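Since this is a predicted model, take the numbers as computed values, not measurements.
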Amino acid sequence: SSPHMQDTIAPPPVTGDRAFTMHASAGIPLYIFATVFSSFCVITGLIWDICWHMSIGRDGLLSPPHLVIYLGAVVAGLFSGYEILRKTFRGSDAEKMASVKIWGFFYSSLGSLFCVWGALMMITSAPFDDWWHNTYGLDVTILSPPHTVLILGIIGIQFGAMISVIAVKNQMKLSVGFSVERAKALDKILFWLFALSAGFLL
């Protein structure tokens, strides 16, 4: 066969300043599942915490609903943080081209960046909220300063999960090496992960 046969049957290259072709990986990256799981934990814990307040009253720092929320924050922060460090120090040129450069050194997807900042805000708000309650008593309103920090962190993780999934879904269209059936199966999984993460945000 002709040495140029592969070029002949391959899809036409995408052109443009940000154009690149990614070699297909084994499938959907683990951090994508982790961020959607984190998004689920945060929203489940939040709804559970509201029910806890209404039925039981003020809960402690390490109550079950809070632990579920913190679990979501920790998982999102660790997996997204690891993904940023992996891309920065061991990432391929194609992965770096698909990322944004932070502080002139780190390479990150926008979704991972949102997840890391959201996790840091949520974890910071926990001792702040405990101190606030011990100093001022029960909140008169839900928008106390610690809760505001928590809510912004939650939105960061929810938005980060959604953006992470849709970025991988879009970039997978530029990948080569997948069979048509495999590509369709992965695309369907990513569609449902995006629908879940967007639903949790709403």
Side-chain angles (χ1 to χ4, degrees), residues 27-87 102 108-169 186 188-202:
I28 300 168
L30 182 60
Y31 83 95
I32 293 296
F33 292 103
T35 53
V36 175
F37 172 74
S38 299
S39 176
F40 171 74
C41 285
V42 168
I43 292 304
T44 302
L46 184 63
I47 294 171
W48 187 9
D49 191 45
I50 293 169
C51 296
W52 188 288
H53 276 274
M54 293 174 67
S55 59
I56 297 174
R58 203 263 168 174
D59 45 3
L61 180 64
L62 298 178
S63 65
H66 286 177
L67 291 176
V68 174
I69 293 173
Y70 302 150
L71 174 66
V74 169
V75 169
L78 287 178
F79 276 85
S80 296
Y82 173 79
E83 185 63 17
I84 292 172
L85 294 175
R86 187 194 66 78
K87 280 183 181 175
I102 310 299
S108 170
S109 67
L110 186 61
S112 294
L113 194 62
F114 270 103
C115 284
V116 167
W117 281 112
L120 288 173
M121 291 179 74
M122 288 178 65
I123 292 169
T124 301
S125 75
F128 183 26
D129 187 50
D130 194 53
W131 170 83
W132 185 273
H133 283 298
N134 291 332
T135 305
Y136 299 109
L138 295 175
D139 297 317
V140 177
T141 175
I142 195 170
L143 286 179
S144 65
H147 285 178
T148 303
V149 174
L150 176 67
I151 289 167
L152 290 173
I154 287 173
I155 291 171
I157 285 184
Q158 302 304 116
F159 189 69
M162 188 175 71
I163 294 300
S164 293
V165 174
I166 202 65
V168 170
K169 187 177 189 300
L186 291 175
K188 189 172 183 178
I189 293 170
L190 287 165
F191 168 80
W192 282 108
L193 289 174
F194 177 74
L196 286 169
S197 57
F200 297 146
L201 176 64
L202 289 175

[X] versus [Y], closest heavy-atom pair with distance:
{"X": "Ser38", "Y": "Ala76", "answer": "OG-N, 3.0 Å"}
{"X": "Cys115", "Y": "Thr35", "answer": "SG-CG2, 3.9 Å"}
{"X": "Val42", "Y": "Ala73", "answer": "CG2-N, 4.2 Å"}
{"X": "Phe79", "Y": "Ala34", "answer": "CG-CB, 3.4 Å"}
{"X": "Ile28", "Y": "Leu190", "answer": "CD1-CG, 3.8 Å"}
{"X": "Met121", "Y": "Gly153", "answer": "CB-CA, 3.9 Å"}

* To do: Decide yes or no on side chain to side chain contact (heavy atoms under 4.5 Å, CB included) for Ile155 and Phe114, but give the supporting numbers first.
  => CA-CA 9 Å; Ile155 291 171; Phe114 270 103; over 6 Å; no
* Please work out whether the ring planes of Trp48 and Trp52 are parallel, tilted or perpendicular, with thresholds of 30° and 60°. => perpendicular
Report the distance from atom [atom1] of [X] to atom [atom2] of [Y], rounding to the nearest 0.5 Å.
{"X": "Phe194", "Y": "Ile163", "atom1": "CZ", "atom2": "CD1", "answer": "7.0 Å"}
{"X": "Phe40", "Y": "Ser197", "atom1": "CZ", "atom2": "OG", "answer": "13.5 Å"}
{"X": "Ile157", "Y": "Met162", "atom1": "CD1", "atom2": "CE", "answer": "14.0 Å"}
{"X": "Met122", "Y": "Asp129", "atom1": "CE", "atom2": "CG", "answer": "11.5 Å"}
{"X": "Tyr31", "Y": "Lys87", "atom1": "OH", "atom2": "NZ", "answer": "4.0 Å"}
{"X": "Ser164", "Y": "Leu110", "atom1": "OG", "atom2": "CG", "answer": "8.0 Å"}

* If you draw a 6.0 Å radius around OH in Tyr82, do more than 12 non-hydrogen atoms from other residues or ligands fall strictly inside? -> no
* May I ask you to check whether over 12 heavy atoms, not counting those of Trp131, lie within 6.0 Å of atom CH2? => yes
* Asked: Hey, does Val75 have a side-chain heavy atom less than 4.5 Å from the side chain of Cys41?
  -> no
* Please tell me if the side chains of Phe37 and Leu71 come closer than 4.5 Å, counting only heavy atoms from C-beta onward. => yes
* Asked: Considering residues at least two apart in sequence or located in another chain, which fulfil the salt bridge (charged side-chain N to carboxylate O under 4.0 Å, His left out) criterion with Lys169?
  -> Asp187
* Asked: Is there a side chain to side chain contact (heavy atoms under 4.5 Å, CB included) between Phe200 and Leu196 once you walk through the steps?
  -> CA-CA 6 Å; Phe200 297 146; Leu196 286 169; 4.1 Å; yes
